[in-house]
Amino acid sequence: MAKDFPTRAENYSQWYNDLVIKADLAENSAVRGCMVIKPYGYAIWEKVQAALDKMFKDTGHVNAYFPIFIPKSFFSKEASHVEGFAKECAVVTHYRLKNSPDGKGIIVDEEAKLEEELIVRPTSETIIWDTYKNWIQSYRDLPILINQWANVVRWEMRTRLFLRTAEFLWQEGHTAHATRPEAVKEAETMLHIYADFAENWMAMPVLKGVKSPAERFAGAVETYAIEALMQDGKALQAGTSHFLGQNFAKAFDVKFLSRENQLEYVWATSWGVSTRLMGALIMSHSDDNGLVLPPKLAPIQVVIVPVFKTPEQLALISETVVPIKKALESKGVSVKFDDRDTHKPGWKFAEYEFKGVPVRLTVGPRDIEQGTIEVARRDTLEKETLQIKDIENKIVHLLDAIQSNLYQRALSFRENNTFRVDSWEEFKIVLDTTGGFISAHWDGTSETEERIKEETKATIRVIPLNNMPEEGRCVYSGKPSTQRVIFARAY
RNA sequence: CGGGGUAUAGCGCAGCUGGUUAGCGCGCCUGCUUUGGGAGCAGGAGGUCGCAGGUUCGAAUCCUGCUACCCCGACCA
């Protein structure tokens with residue numbers, strides 16, 4: 001048990017906060033609401049980026065970069081978009097500072113006021129569509145399949161490391177298409193890529209679906225989302241993909257001549273995942289002993305801890321261990337051999353366990369004598385002593401086993417915490433006891449959704465894709481319903 | 001932006017009904033013994049007590065103003 005670390009049962013929220021800090025992932029900065037992502041946390045993010053970036057490129061997308069500043073006037077061009085973001089924008093109004101007349105410090109030079117204020121991007125649809133206008137004249141210019149990796153700013157009232165910060169890192173894809181079906185298909189393709197990444201890299205099962213109109217992205221015709229269930233029974237929106245229709249094309253006047261020589265508006269999508277995925281990753285697998293990382297995203301997959309008293313012993317151990325390290329690395333496994341003599345083995349065990357390193361190998365004098373090695377896995381905390389022979393292949397298989405065990409564990413947690421509910425009483429009981437996903441009938445109106453939110457803080461997380469039609473009565477209003485939707489309290 | 005709270009060593013805190021030299025735990029440094037689950041002992045370094053002003057012989061302690069942060073709401077990827 002890690003010292004000075006709360007259990008999940010004691011206080012889930014504090015457990016999360018402490019974990020992020022003590023596992024050295026991130027910390028609060030001098031700027032309110034903005035985090036410093038520390039090297040270990042950033043290394044995980046880089047793995048996330050690398051995997052996603054490859055998936056995007058494999059599906060024909062290319063990267064580009066657009067400005068961090070957006071002229072204020074751009075924002076007002078799409079009505080629902082501005083309404084959605086206006087309340088959380090950082091605005092640049094001046095471009096120069098000067099020495100304060102009273103000699104104390106430095107002040108804004110009022111003479112250096114911008115003609116037009118600049119918004120620090122909360123998302124880039126507007127600047128990008130203003131740009132696409134110049135790039136698109138013909139159906140031959142389409143599709144445009146661009147992604148950018150960037151930082152964005154949303155001036156949130158209350159922030160939490162990774163889950164909600166005023167500045168965050170993300171990728172945003174912005175595509176332009178000649179036809180509606182092609183754009184819809186793009187939005188769905190990207191949703192499936194996100195789900196694939198969540199499940200196969202993060203080992204995090206997700207529900208795929210569309211958002212209700214009330215939860216839809218500002219400016220979208222349809223918002224697709226992947227939704228994951230955290231260990232405390234709350235839902236987390238892990239990624240969104242939007243079919244934007246022709247809303248932005250109309251707002252920015254982006255038209256093209258079709259094959260039929262018709263002037264038409266362009267169809268659009270946008271899609272994104274953010275550093276919030278880090279929060280999802282942490283809350284999906286970690287335990288009361290600290291972080292638990294799926295091998296595919298762990299910066300260090302295997303750590304080797306030598307047990308030694310003298311430099312001679314360490315040299316002897318190194319002779320055994322260094323070839324193992326090289327053999328593993330040649331199989332694409334990242335290995336750290338921690339031969340520091342400034343920390344004791346017990347300290348290192350605790351340290352790497354807390355940081356979620358999937359596999360730990362321990363080699364000491366006993367092992368050298370007997371040709372063995374101790375293998376400890378982080379997910380189950382099991383230890384066993386194995387013969388060194390063929391250890392590389394055993395480790396590679398173990399990493400795969402850990403990856404799939406984490407997924408299975410998270411999947412059964414979700415299954416055990418998903419409830420089919422048919423009465424309002426039961427609906428409230430589930431929320432007040434276990435939490436989790438609630439599959440219930442909904443009459444399809446925003447009024448009912450709003451009432452449920454007011455009374456229980458639960459919202460519709462997704463209307464699942466490929467939902468089976470089912471006659472029923474709305475769990476709240478009792479009105480006829482044609483399908484079940486997923487409710488939960490959410491982050 | 002409403003309601004509550006806090007500010008003292010790198011971190012977490014005590015001291016605060018005015019009174020010596022501001023203390024404790026963790027961490028850090030040195031030495032010796034240790035090293036297979038966060039070692040022990042000894043010694044040591046580290047502070048404009050958030051900022052500005054006031055009361056007083058004397059202020060971390062009392063008063064006023066400011067600032068920052070935290071918690072609970074409203075808002076949210």
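For the numbers below, each heavy atom of this structure counts, side chains included, while hydrogens, waters and symmetry mates do not. The chains referred to below are lettered A, B, ... by the order of the sequence lines, with proteins before strands, and numbering in each begins at 1. Just so it is clear, the structure is predicted and the values come from calculations on it, not from any experiment.
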Selection from [options] that lies nearest to any side-chain heavy atom of [X]:
X: A:E156; options: B:G73, B:A39, B:C75; result: B:C75
X: A:R360; options: B:G36, B:A77, B:G37; result: B:G37
X: A:K344; options: B:A77, B:G36, B:G37; result: B:G36
X: A:D367; options: B:G37, B:U35, B:G36; result: B:G36
X: A:T165; options: B:G36, B:C76, B:A77; result: B:A77

**Message:** Both A:T240 and A:E351 contact RNA chain B. Which one's nearest nucleotide lies toward the 5' end?
**Reply:**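 Counting from the 5' end, the first nearest nucleotide belongs to A:E351.
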**Request:** Return the 5'-most residue of the pair A:E374, A:K457 with respect to RNA chain B, ranking by each residue's nearest nucleotide.
**Result:**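 Checking each residue's closest nucleotide, the 5'-ward one belongs to A:E374.
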**Asked** Strictly under 6.0 Å, is that where the ring centroids of A:W170 and A:F168 end up?
**Response**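 Yes, ring centres under 6.0 Å apart.
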**Prompt:** Centroid-to-centroid, A:H174 to A:F66, below 6.0 Å?
**Reply:**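 Ring-ring flag for A:H174/A:F66: false, centres at least 6.0 Å apart.
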**Asked** Can a salt bridge be assigned to the pair A:D232 and A:R489 using a cut-off of 4.0 Å between side-chain N and carboxylate O?
**Response**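 Looking at A:D232 and A:R489, the cut-off is not met.
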**Asked** Is the distance from OP1 or OP2 of B:C75 to the nearest side-chain N or O of A:K87 less than 4.0 Å?
**Response**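 Answer no for this pair, as no side-chain N or O of A:K87 is under 4.0 Å from OP1 or OP2.
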How many Å lie between [atom1] on [X] and [atom2] on [N], as a whole number?
X: A:I317; N: B:U35; atom1: CD1; atom2: P; answer: 14 Å
X: A:K234; N: B:A77; atom1: NZ; atom2: P; answer: 14 Å
X: A:E382; N: B:G37; atom1: CD; atom2: P; answer: 18 Å
X: A:K348; N: B:A39; atom1: NZ; atom2: P; answer: 12 Å
X: A:D288; N: B:G38; atom1: CG; atom2: P; answer: 19 Å
X: A:H343; N: B:C28; atom1: NE2; atom2: P; answer: 8 Å
X: A:D18; N: B:G12; atom1: CG; atom2: P; answer: 11 Å
X: A:Q313; N: B:U34; atom1: CD; atom2: P; answer: 13 Å

Please report the distance separating the [atom1] of [N] from the corresponding atom of [M], rounded so that it comes out in whole Å.
N: B:C70; M: B:C11; atom1: P; value: 15 Å
N: B:G18; M: B:U56; atom1: C1'; value: 9 Å
N: B:A59; M: B:U20; atom1: C1'; value: 14 Å
N: B:G12; M: B:C69; atom1: C1'; value: 16 Å
N: B:U61; M: B:C16; atom1: P; value: 13 Å
N: B:C13; M: B:G47; atom1: C1'; value: 15 Å
N: B:C63; M: B:G19; atom1: P; value: 14 Å
N: B:A60; M: B:A7; atom1: C1'; value: 11 Å

Would you call the rings of [X] and [Y] parallel, tilted or perpendicular if under 30° counts as parallel and over 60° as perpendicular?
X: A:Y194; Y: A:W271; result: perpendicular
X: A:F252; Y: A:F248; result: parallel
X: A:F75; Y: A:H81; result: parallel

**Message:** Heavy atoms only, 4.0 Å cut-off, all strands: where does A:F168 land among base, sugar-phosphate and nothing?
**Reply:**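 Base contact.
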**Message:** Please classify the nucleic acid contact of A:L236 as base, sugar-phosphate, or nothing, using heavy-atom distances under 4.0 Å.
**Reply:**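 Touches nothing.
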On a heavy-atom basis, which atom in [X] and which in [Y] lie closest, and how many Å separate them?
X: A:P345; Y: A:P306; value: CG-O, 4.2 Å
X: A:G290; Y: A:S286; value: O-CB, 3.3 Å
X: A:M55; Y: A:T59; value: O-OG1, 2.9 Å

**Message:** Between B:G37 and A:K383, counting only base atoms on the nucleotide and side-chain atoms on the residue, is there a donor-acceptor pair under 3.5 Å?
**Reply:**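 Checked by distance alone, the answer is yes.
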**Message:** Can you list every stem that RNA chain B is part of, counting only runs of 3 or more consecutive Watson-Crick or G-U wobble pairs with both distances under 3.5 Å?
**Reply:**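 The stems that RNA chain B takes part in, listed by first number, are B:1-7 with B:67-73, B:10-13 with B:23-26, B:28-33 with B:39-44, B:50-54 with B:62-66.
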